[in-house]
Asker: 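Next up is a structure, given as structure tokens.
From a predicted model like this one, the values you see are computed outputs, not experimental measurements.
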Amino acid sequence: MTTQTIKITKPSEIRKMGTEALVKALGPIGMARYLEEFDNGGIGDYTKEKYEQPDYTIQDILSMKI
């Protein structure tokens, strides 16, 4: 009779290991792009949209009503 041991890994540890594997395989930018595709299907054009955001100064942000 053979006894087998099963290592149970916590979800947080699996996420950490997965993130590390993605960074190693794709680099940080590639990992971010992969996660974006996985998360929302890659809708939109991030590069274009990031330059369309208004340039707020610190004073603008501090004066905003939340």
Side-chain angles (χ1 to χ4, degrees):
M1 181 188 234
T2 305
T3 304
Q4 293 184 344
T5 303
I6 298 173
K7 181 181 177 190
I8 299 175
T9 307
K10 294 186 228 175
S12 60
E13 185 64 23
I14 290 176
R15 281 191 299 275
K16 180 181 176 213
M17 292 167 57
T19 300
E20 290 170 356
L22 285 170
V23 169
K24 183 176 180 181
L26 303 173
I29 302 297
M31 178 209 60
R33 291 180 62 200
Y34 171 80
L35 291 175
E36 183 179 61
E37 286 291 320
F38 182 76
D39 185 42
N40 66 16
I43 298 167
D45 183 344
Y46 169 75
T47 303
K48 179 182 172 192
E49 292 171 6
K50 75 177 180 177
Y51 291 111
E52 292 175 349
Q53 299 298 316
D55 290 327
Y56 292 116
T57 66
I58 299 282
Q59 201 57 34
D60 292 337
I61 294 169
L62 292 174
S63 66
M64 289 180 180
K65 305 273 186 211
I66 300 177

Asker: Considering residues at least two apart in sequence or located in another chain, which fulfil the side chain to side chain donor-acceptor pair (under 3.5 Å) criterion with S63?
Answerer: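 Scan of S63 (side chain to side chain donor-acceptor pair (under 3.5 Å), adjacent residues dropped) gives none.
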Asker: Got a sec, which residues hit side chain to side chain donor-acceptor pair (under 3.5 Å) with D55, two or more places apart in sequence or on another chain?
Answerer: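 Here no residue qualifies.
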Asker: CG/L22 to OH/Y34 distance, rounded to the nearest 0.5 angstrom?
Answerer: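 Between atom CG of L22 and atom OH of Y34 there are 6.5 Å.
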Asker: For Q59, does the CD atom have more than 12 heavy-atom neighbours from other residues, nucleotides or ligands under 6.0 Å away?
Answerer: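 At most 12 heavy atoms, drawn from other residues, nucleotides or ligands, come within 6.0 Å of this atom.
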Asker: Looking at CE of M31 and CD of E20, how far apart are the two atoms once the value is rounded to the nearest 0.5 Å?
Answerer: 11.0 Å
Asker: Evaluate whether atom CG of L62 has more than 12 neighbouring non-hydrogen atoms of other residues, nucleotides or ligands under 6.0 angstrom away.
Answerer: yes
Asker: Pairs under 3.5 angstrom only: tabulate donor-acceptor contacts from the side chains of residues 10-19 to other protein residues two or more places apart or in another chain.
Answerer:
from: T19; atom 1: OG1; to: R15; atom 2: O; distance (Å): 2.9

